[in-house]
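Just so it is clear: chains get the letters A, B, ... in the order the sequence lines come, proteins before strands, and each one is counted from 1.
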Amino acid sequence: MERGSGLPAGQAGGEVTKSEILTVFTTRPDTIFGVDFMVLAPEHELVKKITTEAQRAEVEKYLTYVESRSEVDRMAEVKKVTGAFTGAYAINPFSGRHVPVWISEYVLAGYGTGAIMAVPCGDERDHKFAKHFNIPITNIIGANYTGEEANPTKEAVLENSGFLNGLVMHQAIDVAIDEIEKRGIGQRQVNYKMRDAGWSRQRYWGEPFPVVFKDELPYAMSESELPLELPPADNFKSAGNGEGPLANLKEWIDFAPGLRRDSNTMPTHAGAAWYFLRYMDPHNKHAFADKKALDYWGQVDVYVGGSEHAVAHLLYARLWTKVLHDLGYLTFDEPFKKLINQGKIQGDSRFVYRLMSNPLIFVSKKAKDAYGFDKVVTEKMQRVVRHIRGEKGGVFRYDEMQNGLHVDIKLVDGETLNIDKFKKWRTDFERSQFIFDDGSSTIFDETGVYTCGSAIEKMSKSYYNVVNPDDIIDDYGADTLRLYEMFLGPLEASKPWSTQGIDGVFKFLRRFWNLFHDNTGRFRVSEEDPTREELKVLHRTLKKVEYDIEHFSFNTTVSEFMICANELSALKCHKRKVLEPLVIALAPYAPHITEELWSLLGHTDSVFNGRFPAWDEQYLKESEFNYPISINGKVRAQMNFALDMPKEDIEKQVLASEIVRKWSEGKPPRKVIVVPGKIVNVVV
RNA sequence: GCCCGGGUGGUGGAACUGGUAGACACGCAGGACUUAAAAUCCUGUGGCUAGUAAUAGCUGUACGGGUUCAAUUCCCGUCCCGGGUACCA
């Protein structure tokens, strides 16, 4: 929503008797020559003024109809086309064309100016309206408009558009606005939409409204009467008449003569918007939190949540915080310092396809897709189609198929449907027939492969694509599941659930365990002092793990632990001074196995009482570095130099090397770049 | 349509402020141990070309351009995918 323009509207039709200015808001002023009619919201103030005598009865009838429709009706029935002609005509300021002015409920009084310019060739709703009421449609986008449906493109070249002819639409937008502003009939405008939020729920659990009704008018309770607590109840069923369970408690609702409470409660958003503030000082009887507590805890450091909360909950939490800040209760005006939207594990759904003409015949994905260009149509395929259609065969058309039907993934092996299980799945599928990939079919008592369609979507019971982690826990244990979920990829990435690769983390845990045990299963941790090499492995791992935790990069932490375990296995390191710190570092990732190892190491308290081990840079210092030597940006060789070697010396040695001589063919190099500790690049 | 993410081997993914693309793992191939299996261990594994081979060269991070000694990383444009949202003009 960016721009607006105004159009004068007049009453025409024979002779002009009076005229009004009709202002509209549009994001597409480029389509102004395609305007075939105007539509006002039924509530628009001009409706009464411009309706002609001849149309008055029809308009009144329509207004009565609209009044009879509740907000819910209007929201629910969005497809129905309704409207009435006012008898008035608007004059297009550019073309001078007279176009009819209609009213319709699809134009909302609360948005823009409550009036639109209708361009049926470019807007779907306008198009439906024009078709329904037989309003002629002007085509301003040539072949881009088929006559069948509207095309909202911005890429078409304009036709029938006066001074905009020949321009690509997205360029014409600015040209049109400039012209509108030049003529002083409208201006550029950014439009915002505010939406009301329903704050009542018809259920028991929720904050009751601190409001008292007197003569049907609500009054806020005074502060001394607060808090209003949720009354005890044992009947949680709704009270009927659209009222929630609290309406059952007559003595609570009608608590005093002439006074009445609200039976609704607040949505979970209400508490969720500020509970983190109350947590700072939960027992305070005088304020939601003491200033000292608020100053101490401050903002929430990290908020981890799904992006589905981004609209409602986060918006409310921010609003609450900002209001409390403006009222002087908080020193900060944003609730959360950092927001992380964790990804979702998605489901891998499977579909079967039934025929429109016979919902008991299921066609495989591959047989269904045989319709199309360059597809080989097999004899079997012809035969089965002939059987069903009773004509000369061919292939199935898309319009003969129902939309894909979700099938339980437990009935599918990979993409192949298990026919027997499927028939038993639901009783109405018992007598179903199947057409397989190659066109063979159970109709002819044949067997074959039925390939399902597939899609990655959110995991949902209604999609039958839910996998239960309990099965993984049974096979591998909870630590493996936990570790695997972290190893799968970045916290913020969404991905379909797949157990491919779970063996890797399971093997790691076993290998880690084996560092503490010999191959007969006996505990064998020694008290020996570690070597410098072992200490380097330990401290490098601790450094990396600490860094990764602070950056929420759990998948790379797990691979660092794997590298560490691989190296310590190779070093045959079974020393307490190396292993004990690692047990603490791994504990948040694999709590069960580390708790066990911690106990085996002789501790009597929990590993989670341990302190995260500190790493020391002194074990990580390198004295030399294996420099990649690149020629013209491509790495051709490696050369080892001390890290404190001066650039000039490195350059000298590199230029004298075999590899540089080979690539420079005797010519002197044009440029040499030495980046200490990183790379050497020679340009020849 | 708009807003927010993302696109790297057969697969999941790694690469800090531009500096050896493919860490770690899965899968696959070959091998060791074993009567056998499981478990474990070792080797190889982006693609193409040449060579018996060690190896060498080219190419490669969705696509097309650009900046740079150097681009998965920065800039411009295009396409595709995931999520959110909308009778919003």
Side-chain angles (χ1 to χ4, degrees), chain A residues 1-4 24-29 31 39 41 74-81 104-108 110-119 122-126 128-129 152-154 191-195 306-312 341 343-344 346 455-458 484 487-490 492-496 498-508 510-511 514 519 544 547-548 551 553 555-566 569-570 626-638 662 669-684:
Chain A
M1 292 155 279
E2 313 131 331
R3 300 159 173 118
V24 299
F25 171 77
T26 181
T27 58
R28 297 297 301 274
T31 62
V39 188
R74 284 175 76 165
M75 297 290 272
E77 255 185 295
V78 298
K79 298 268 144 56
K80 202 165 147 189
V81 180
S104 174
E105 60 180 341
Y106 85 86
V107 174
L108 308 174
Y111 185 75
T113 60
I116 62 160
M117 53 178 240
V119 184
D123 183 279
E124 193 196 335
R125 292 155 303 162
D126 297 347
K128 276 190 187 141
F129 196 87
T153 179
K154 283 185 186 170
N191 224 0
Y192 297 95
K193 163 78 176 165
M194 286 186 79
R195 215 173 50 170
S307 52
E308 68 273 17
H309 298 303
V311 178
N341 286 138
K344 281 178 275 291
Q346 296 164 308
I456 303 295
E457 342 174 76
K458 68 176 179 184
Y484 180 61
F487 187 59
L488 263 178
E492 301 196 65
S494 287
K495 54 179 66 67
S498 154
T499 53
Q500 247 191 27
I502 197 165
D503 279 333
V505 288
F506 184 65
K507 279 190 211 163
F508 156 71
R510 197 154 47 194
R511 181 174 287 198
N514 286 341
N519 47 19
K544 171 82 172 147
Y547 179 87
D548 282 351
H551 291 82
S553 178
N555 55 328
T556 52
T557 315
V558 177
S559 47
E560 180 61 29
F561 275 124
M562 286 173 169
I563 294 169
C564 174
N566 289 346
S569 298
N626 206 19
Y627 280 88
I629 310 299
S630 66
I631 316 271
N632 293 335
K634 281 182 185 160
V635 177
R636 299 292 178 183
Q638 310 263 325
K662 175 183 164 188
R670 289 200 285 160
K671 199 168 181 181
V672 182
I673 294 113
V674 178
V675 187
K678 293 265 165 133
I679 199 168
V680 179
N681 192 17
V682 182
V683 186
V684 297

*asked:* Does A:Glu124 reach a base, just sugar-phosphate, or nothing at all? Heavy atoms under 4.0 Å.
replied: nothing
*Validation row: A:Thr26, A:Val119 side chains within 4.5 angstrom (heavy atoms)*: no
*Report the residue (A:Asn681 or A:Glu492) whose heavy-atom-nearest nucleotide on RNA chain B is the more 5′ of the two.*
A:Glu492
*Can you find a pair of side-chain heavy atoms, one from A:Lys671 and one from A:Asn681, that are under 4.5 Å apart?*
no
*For B:U85, give its Watson-Crick or G-U wobble partner with both distances under 3.5 Å, or none.*
B:G1
_Taking any heavy-atom pair under 4.0 Å as a contact, classify A:Asp123: base, sugar-phosphate, or nothing._
nothing
*With heavy atoms under 4.0 Å as the rule, sort A:Tyr547 into base, sugar-phosphate or nothing.*
sugar-phosphate
*May I ask you to say what A:Asp126 touches in the nucleic acid, namely base, sugar-phosphate or nothing, with a heavy-atom cut-off under 4.0 Å?*
nothing
*Please determine, for B:C63, whether a Watson-Crick or G-U wobble partner exists with both distances under 3.5 Å, and give it or none.*
B:G77
*State whether the side chain of A:Ser104 and the backbone N or O of A:Ala41 hold a donor-acceptor pair below 3.5 Å, judged by distance alone.*
no
*Could you tell me whether the phosphate oxygens of B:A23, OP1 or OP2, come under 4.0 Å of any side-chain nitrogen or oxygen in A:Asn555?*
no
_Pairwise C1' distance for B:G82 and B:A71, with rounding to whole Å_ = 26 Å
*Hunt down the Watson-Crick or G-U wobble partner of B:G51, both distances under 3.5 Å, from any strand shown, or write none.*
none
*Syn or anti for B:G9, please, going by whether the chi angle lies within 90° of 0.*
syn
*asked:* Any side-chain N or O of A:Lys634 below 4.0 angstrom from OP1/OP2 of B:U59?
replied: yes
*Side-chain (A:Tyr627) to main-chain (A:Lys678) donor-acceptor, under 3.5 angstrom*: no
*Under 4.0 angstrom, heavy atoms only, what part of the nucleic acid is A:Val675 near: base, sugar-phosphate, or nothing?*
base
*Using the C1' atoms only, state how far B:U61 lies from B:C4, rounded to an integer number of Å.*
23 Å
*Contact class for A:Arg510 (heavy atom, under 4.0 Å): base, sugar-phosphate, or nothing?*
sugar-phosphate
_Who pairs with B:U43 - Watson-Crick or G-U, where each distance is under 3.5 Å_ = B:A29
*Select base, sugar-phosphate, or nothing to describe what A:Ser494 touches, counting heavy atoms under 4.0 Å on all strands.*
nothing
*So what does A:Ile673 touch, heavy atoms closer than 4.0 Å: a base, only the sugar-phosphate, or nothing?*
base
*Determine whether more than 12 heavy atoms belonging to other residues, nucleotides or ligands lie under 6.0 Å from atom CD of A:Gln638.*
yes
*asked:* Any side-chain N or O of A:Arg636 below 4.0 angstrom from OP1/OP2 of B:U55?
replied: no
*asked:* Of the listed nucleotides (B:C24, B:U11, B:G13), which one gets closest to any side-chain atom of A:Phe487?
replied: B:C24
*Could you state the atom-to-atom distance from CG of A:Leu488 to P of B:A14 in whole Å?*
11 Å
